[in-house]
Amino acid sequence: MRLETTLFGAVQALRLTALRFPEFKKRLREHDAVVQLKLADNSVGRYIEFRDGKISSRSGIHPAPDVSIFFKNKNIALKLLSPKQDFLFRIDAMKNFKMGMLGPDDLTVWVNELVSLAQSMWWKQGEDMGDGVTRYTNNTNGGPVNVFVKDGKILRITPIDFSDSDPATWTVKARGKEFSPPRRASVAPYAIASKSMVYADNRNLYPMKRVDFDPNGERNPQNRGKSGYERISWEEALTIVTNEFKRVKKDHGPGAIGLSHGSHHLWGNVGYYLSAMLRFFNNIGFTRVHHNPDSWEGWYWGAQHHWGHSMRLGIGEVTGQVEDILKECEMMVFWSSDPEATNGCYGAYEGTIRRLWAKELGVKFVHIDPHWNHTAALLKGKWIAPRPGTDPALAQAICYVWLTEDLYDKKFVADRTTGFDEWADYLAGKSDGVPKTPEWAEAETGVAARDIRALAREWGKRKTYLAAGGYGNGFGGACRTATGAQWARMMVMMMAMQGIGKPGVNFGNMQTGAPHDYSFWFPGYAEGGISGELAFTGAAVNAYQRIPLILSMNPVKQVVPRLQLPDAIIDGKAQGFFTDPTCKEGQFIPFFYPAPGHSPIKILYKYGGAQIGTMPNSNRWAQMYQSDSLEMVVSQSIWFEGEAQFADIILPACTNFERTDISEWCSAGGYGHQFFTQLNHRMIMMQHKCIEPLGESKSDYQIFLELSKKMGLGPVFSEGMCEIDWVKRIFDGSDVPDLISWKEFLKKGYVVVPPEKEELRAPRAYAWFYEGRKKDIPEPHPLPADYSGEWLEGLGTQSGKFEFIPNSLKKIDDPDRPALNRYIPSWEGTHTEELLSRYPLQLMSAHSRYSFHSMGDGKGTSLNDIDDHRLLVDGHYYWRARISVEDARSRDIKPNDLIRIYNDRGSVVCAALISSRVRPGIVHTYESSAVYKPVGKPGASTDIGGSVNILTNSRSQSRGSSSMGPNATLIEMEKWNPAMAEAAE
Amino acid sequence: MKKWNLIVDVEKCENCYNCFIATKDEHVGNDFPGYAAPQPEHGHEWVKLHTFERGEMPMADANFMPTMCNHCDEPACMKVAENGAVQKRADGIVIIDPVKAKGQKQIVDACPYGAIYWNDDLEIPQTWIFDAHLLDKGWTKPRVEQVCPTFAIESVKISDEEMAGRAQREELRVLKPELGTKPRIYYKNLHLTDSLFIGGTVIDGKTDDCIDGAEIKLIKGGQEIAQTHSDCFGEFKFDGLPLQEADYQLEITHGGRSAKHECRVSSSAFLGLISL
Ligand code: SF4
Ligand code: SF4
């Protein structure tokens with residue numbers, strides 16, 4: 001009896017919703033169908049008839065329903081139909097045939113959506129601000145935001161200021177002062193520019209097909225990038241794509257579908273590439289384009305062998321630094337570290353205020369960077385500008401001074417490290433006859449020996465923080481060059497000599513280590529989202545248990561290294577090494593493309609932004625897209641930018657402001673564990689669907705659902721849920737319900753996680769190691785088996801100690817990565833004399849400041865108007881290149897002149913920004929243009945879009961790795977004029 | 001009567017452009033009748049950023065500063081406006097009426113700060129309105145302040161007397177005070193944009209090492225005008241000197257040794273190595 005009441009109740013809910021919401025009524029009219037709900041043995045049943053938008057229902061069993069939903073017995077039915085879902089029970093019922101759903105995908109998914117909407121349509125979202133304005137919230141790569149919407153249009157996007165009802169903030173007492181961060185969330189420029197990104201003039205608004213691409217006839221791959229597009233319907237686009245999926249799977253077998261995506265995406269745990277995208281592609285099988293650890297490189301391939309931390313890809317612990325710096329630190333050495341430009345990663349300007357505290361306390365700053373970067377400009381201090389890529393030599397000379405003048409922590413070295421004698425012999429020149437004196441380093445680096453000595457002495461005497469990379473211990477241009485692994489290795493070796501973990505002696509630049517509640521759990525975007533992927537996301541850590549969903553798995557074993565993707569497609573073969581966070585040895589294992597028994601890639605599915613601007617030697621990428629070994633190229637993207645111009649089919653995706661999602665600000669999870677450490681306050685964000693998708697664009701989730709439906713995988717993909725249901729499922733599985741109700745969360749849009757109680761604050765990084773205790777840092781790393789001694793004892797190295805000569809590197813034979821970290825000059829730099837004679841300038845392509853990589857760049861956004869980002873000349877926004885006064889003078893280049901920067905790999909036109917902040921001999925620019933605009937043949941002519949990676953070398957830092965080194969690039973430059981463009985055609 | 005003022009600290013501005021972008025976000029595509037018509041998508045810089053680079057490697061610095069309509073108490077723009085197109089509000093804010101100002105290009109030219117932009121499509125002069133439309137709705141601060149990461153921008157609504165007191169206490173300055181326009185945008189540390197520095201490195205002539213703690217006196221026209229010490233890199237810097245050509249002498253002493261140095265500078269200068 002109760003079951004019948006429940007079934008009847010469900011029908012009533014549909015009716016009521018239709019009465020109240022016209023949109024729901026519209027959805028009802030989409031199909032006419034009879035839907036049968038019943039027990040499997042037909043003992044109880046009710047069927048609902050949808051006709052012309054009307055609902056009628058009758059108890060009993062229909063002879064020929066269009067959709068049939070059955071439950072094995074009454075108990076199962078009652079549990080599954082109850083409004084409060086037990087997801088473990090539900091997925092068990094689905095997987096073990098305790099329930100089922102029969103019918104065509106478009107009907108079954110539609111019925112699921114109706115049932116879901118009958119609940120979610122009643123949820124009130126956002127705050128009414130009067131005057132017809134609703135304030136929603138959302139989240140971005142550059143901070144959480146309020147979104148003011150009127151008449152279905154975004155009015156403004158602002159940062160979030162806290163209210164009195166938000167929890168109290170933290171205070172650190174140090175040196176007689178009290179420090180407490182502002183009660184607000186800061187934002188990066190690309191967050192505030194979001195509205196202009198949403199309404200950008202090059203949005204993909206409709207599905208498109210390249211005019212001379214005919215899947216049933218001539219495909220004309222050679223015309224990709226040239227032939228133009230025609231609008232097609234979604235139905236046509238989805239049919240072409242899924243028919244091709246089916247065809248290549250049948251004709252060629254596993255591996256024929258290749259999937260390529262960027263390193264980031266618009267924010268959100270449901271819509272992320274590690275979420276909805278993986279869920280879909282796992283269900284159809286794909287060749288993974290395997291990402292090198294692009295931001296980590298030197299730390300991953302180098303540093304981790306000395307100190308472990310494989311599960312953070314080689315970067316270190318992240319707690320306690322803020323308090324330690326405020327209380328103890330006397331000097332901070334920024335080395336290839338520009339957090340004011342890079343915002344750490346996703347951290348907006350949260351660390352800025354803390355760095356200003358350090359300044360207020362009189363902490364001394366040193367900036368080692370060939371560019372007087374933005375952090376240096378704000379904080380001021382001593383500028384040391386080495387020639388790019390020579391940094392390891394500079395570091396070795398500092399170590400030499402420490403060694404010869406007794407300025408290192410001998411007790412720490414004796415008790416906590418191994419291999420120091422061999423290292424000391426190398427520094428002293430005993431093993432190779434060359435003492436690594438400051439004079440030796442001066443010749444190499446261009447930094448005066450006296451400066452090196454002065455720095456080494458000051459450092460050896462004062463409690464010093466080493467800010468290596470934008471994150472403080474990780475990232476940064478010096479880890480992305482030929483000597484990147486050497487540099488990152490030197491950074492950790494220096495800290496080992498100085499006794500890391502001692503009060504005031506650590507890694508950091510105030511970007512990490514705020515006193516958060518580190519045990520509050522909300523999944524970061526890399527914790528798998530809705531993917532169900534256990535191996536290639538961080539789901540196994542927590543999300544797997546906390547947010548149960550049906551696991552998915554890609555059965556295709558073939559993998560292609562991203563850096564060699566063009567080689568794989570054009571030459572048909574490639575070799576790579578894994579980015580494997582589970583242990584430090586995973587990276588030694590090579591993989592080959594094509595894999596035995598697999599098909600080469602026939603379809604390349606490109607998801608998301610402009611990779612052509614961020615991958616080295618990008619002319620090769622343009623050539624790849626025109627290769628006839630690719631039978632179809634699909635681009636699922638929001639904007640017509642970067643390499644979208646090479647696609648045969650374009651599927652228009654919408655931004656995160658046009659779909660619903662949920663997330664924590666600045667939280668990655670996976671190997672970006674505890675990224676939120678950068679913030680002043682942890683914030684969990686509702687990402688409201690603020691406006692309807694523009695044109696015919698759809699959310700990534702919706703696109704994958706539509707594709708799934710055509711593959712007969714609709715309910716498998718959706719698990720019977722809508723996007724908003726996934727959002728709630730993540731909310732419910734996290735710790736957020738302890739802080740705020742779902743109803744309130746939907747309305748207010750965010751919740752601030754209260755900071756940790758003072759007495760429970762996470763300890764200072766490495767204090768345990770310095771003091772010889774078991775590890776007490778709140779991180780679940782490394783895996784138990786990666787400890788050599790007892791659990792929690794020592795670092796994740798073979799010896800458990802810091803290893804100056806790593807055991808792991810002793811066991812491999814990579815000529816560019818010897819166990820003894822001797823200085824090996826760059827393979828493209830001041831020692832490559834023949835090349836240097838033709839290309840005397842060194843190109844630095846740093847992480848962009850105003851756009852988030854390619855996000856926000858191009859597209860006609862307001863960021864284009866930033867003089868330091870692009871410059872408008874004759875109707876075109878040119879990418880900026882910063883050059884020294886001297887180099888400009890010798891080449892007769894005037895401010896804002898267009899210049900062609902070039903080498904054997906290609907040429908790019910930029911607008912010159914002549915600056916005294918650049919070391920002569922350097923051209924400083926950003927790595928991530930969203931615009932690729934060749935003046936002639938794509939892949940073989942000058943680019944005026946600003947994709948400077950056309951000039952960079954795709955060679956790996958070392959032969960036994962897949963590691964990029966784009967900052968090892970020699971170029972020349974000259975004034976450019978449009979006549980040269982014609983000549984180049 | 002409390003009125004709005006803005007205080008911009010040049011030392012804290014880091015050129016992040018958030019204030020610039022937020023102003024575009026507020027006005028591009030949005031019409032606020034009575035306050036401002038939509039800003040064109042590109043070209044206008046109602047809030048404009050300026051970079052001031054000084055010195056050279058290894059002693060260079062870069063300072064930044066936003067400028068915008070100064071909401072002058074004696075607005076030059078208002079003087080040339082016809083039919084009351086420019087209004088001074090009781091709270092100090094100057095508004096160019098988007099309807100009444102149509103066709104009045106002379107308003108653009110009248111502003112001695114170049115703060116007004118001509119909207120070609122709408123044929124109106126436009127400038128930054130201090131977010132008057134938001135303040136009137138209860139906002140407590142303009143958006144430029146809300147987005148600034150370093151608190152380089154602070155808006156204050158206080159009486160003119162209080163503001164004058166604060167300006168004096170904190171050594172705040174306005175732009176082009178000589179024009180008598182009486183701006184309501186004040187700047188702190190403005191010397192970083194309109195003064196020069198002299199710096200150098202003191203080294204030990206025998207060991208070639210940097211000298212920490214050398215005493216350096218700066219002398220001009222026979223008068224000692226400043227004194228400082230070198231840091232651990234041997235570096236010293238005298239900042240805030242007038243941005244004019246002048247002769248200076250330096251006297252450097254340390255541990256019984258001394259040296260003299262003379263220079264003529266007209267812009268920030270790194271004197272290089274000074275050997276003792
Ligand atoms: S927001 Fe603040 S720091 Fe950024 S440019 Fe404007 S004034 Fe300068
Ligand atoms: S700054 Fe220019 S536009 Fe603004 S009030 Fe003064 S004179 Fe008028």
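Labels below follow one simple rule: chain letters A, B, ... track the order of the sequence lines, proteins then strands, and each chain is numbered from 1.
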A.B. asks: What is the distance from atom NZ of A:K150 to atom CG of B:N30, rounded to the nearest 0.5 Å?
C.D. replies: 9.5 Å

A.B. asks: Of the non-hydrogen atoms in A:K380 and B:D61, which two are nearest, and what is the gap between them?
C.D. replies: CE-OD2, 4.4 Å

A.B. asks: Could you tell me which of A:V187, A:I154, A:T158, A:L863 has the largest number of non-hydrogen atom pairs under 4.5 Å with chain B?
C.D. replies: A:T158

A.B. asks: Side chain, backbone, both or neither: which part of A:L872 has a heavy atom under 4.5 Å from chain B?
C.D. replies: neither

A.B. asks: So, for B:N15 and A:R849, which heavy atoms are closest and what is the spacing to 0.1 Å?
C.D. replies: O-NH1, 3.1 Å

A.B. asks: Apply side chain to side chain contact (heavy atoms under 4.5 Å, CB included) to residues A:I866 and B:L49 and explain how you reach the verdict.
C.D. replies: CA-CA 9 Å; A:I866 295 178; B:L49 278 147; over 6 Å; no

A.B. asks: Around atom CG of B:D31, are there more than 12 heavy atoms of other residues, nucleotides or ligands at under 6.0 Å?
C.D. replies: yes

A.B. asks: Under 4.5 Å heavy-atom distance to chain B, tell me which part of A:V366 shows up: side chain, backbone, both or neither.
C.D. replies: side chain

A.B. asks: Non-hydrogen atoms of chain B under 4.5 Å away: do they reach the side chain of A:A449, the backbone, both or neither?
C.D. replies: neither

A.B. asks: Go through A:G860, A:S884, A:A385 and name the one with the most non-hydrogen pairs under 4.5 angstrom from chain B.
C.D. replies: A:G860

A.B. asks: By the definition side-chain contact (heavy atoms from CB on, under 4.5 Å), identify the one residue from B:D204, B:I211, B:T207, B:D208 that meets it with A:R450.
C.D. replies: B:D208

A.B. asks: With a 4.5 angstrom heavy-atom cut-off, which part of B:F32 approaches chain A: side chain, backbone, both or neither?
C.D. replies: side chain

A.B. asks: Output all residues satisfying salt bridge (charged side-chain N to carboxylate O under 4.0 Å, His left out) with A:R917, sequence neighbours left out; order by chain, then residue number.
C.D. replies: none

A.B. asks: Atom CD1 of B:I21 and atom OH of A:Y190: how far apart are they, to the nearest 0.5 Å?
C.D. replies: 12.5 Å

A.B. asks: Please look at A:K364 and chain B and tell me whether the side chain, the backbone, both or neither of the residue comes under 4.5 angstrom of a heavy atom of that chain.
C.D. replies: side chain

A.B. asks: Given the options A:S196, A:A448, A:A454, A:G143, which has more heavy-atom pairs under 4.5 Å with chain B than any of the others?
C.D. replies: A:A454

A.B. asks: For chain B, find its close neighbours in residues 351-358 of chain A: heavy-atom separation under 4.5 Å, sorted by number, or none.
C.D. replies: A:T352, A:I353, A:L356

A.B. asks: With a strict 4.5 Å heavy-atom criterion, list every residue of residues 227-244 of chain B that contacts chain A, or say none.
C.D. replies: B:C232, B:F233, B:E235

A.B. asks: Flag the pair A:Y349 / B:V147 as yes when at least one side-chain heavy-atom distance between them is below 4.5 Å, and no otherwise.
C.D. replies: no

A.B. asks: Other residues, nucleotides and ligands only: do more than 12 of their heavy atoms fall within 6.0 Å of CD on B:E53?
C.D. replies: yes

A.B. asks: Any idea which heavy atoms bring B:T150 and A:R184 closest together, and the distance?
C.D. replies: N-NH2, 4.4 Å

A.B. asks: Chain B heavy atoms under 4.5 Å from A:F148: which part of the residue, side chain, backbone, both or neither?
C.D. replies: side chain

A.B. asks: So how far is it from B:F64 CZ to A:H374 NE2, rounded to the nearest 0.5 Å?
C.D. replies: 7.5 Å

A.B. asks: With a 4.5 angstrom heavy-atom cut-off, which part of A:K359 approaches chain B: side chain, backbone, both or neither?
C.D. replies: side chain

A.B. asks: What part of A:R453 gets within 4.5 angstrom of chain B, counting heavy atoms only: side chain, backbone, both, or neither?
C.D. replies: side chain

A.B. asks: Do the charged groups of B:K141 and A:D161 touch, with an N to O distance under 4.0 Å?
C.D. replies: yes

A.B. asks: Tell me, out of A:A377, A:S194, A:P920, who's got the most heavy-atom pairs with chain B below 4.5 Å.
C.D. replies: A:A377

A.B. asks: For chain B, which candidate among A:L155, A:I384, A:V918 shows the most heavy-atom pairs at distances under 4.5 Å?
C.D. replies: A:L155

A.B. asks: Run the numbers on B:Y17 and A:D867 for side chain to side chain contact (heavy atoms under 4.5 Å, CB included), then give the verdict.
C.D. replies: CA-CA 10 Å; B:Y17 272 83; A:D867 194 65; 3.7 Å; yes

A.B. asks: Between A:W372 and chain B, which part of the residue has a heavy atom less than 4.5 Å away: side chain, backbone, both or neither?
C.D. replies: side chain

A.B. asks: Is there a side-chain contact between B:K24 and A:T861 in this structure, where contact means two heavy atoms from C-beta onward sitting under 4.5 Å apart?
C.D. replies: no

A.B. asks: Look up atom CZ in A:R156 and atom NE2 in B:H27, then write down how far apart they are to the nearest 0.5 Å.
C.D. replies: 9.0 Å

A.B. asks: Return the CG to OG1 distance between A:D868 and B:T51, rounded to the nearest 0.5 Å.
C.D. replies: 5.5 Å

A.B. asks: With B:K137, which residues qualify under salt bridge (charged side-chain N to carboxylate O under 4.0 Å, His left out), at least two apart?
C.D. replies: A:D131

A.B. asks: With a 4.5 Å cut-off on heavy-atom pairs, point out which of A:L378, A:D865, A:I192 contacts chain B the most.
C.D. replies: A:D865

A.B. asks: Under 4.5 Å heavy-atom distance to chain B, tell me which part of A:E340 shows up: side chain, backbone, both or neither.
C.D. replies: both

A.B. asks: Looking at A:Y877 versus B:H42, is the centre-to-centre ring distance below 6.0 Å?
C.D. replies: yes

A.B. asks: Which bit of A:S915 comes within less than 4.5 Å of chain B, counting heavy atoms only: side chain, backbone, both or neither?
C.D. replies: both

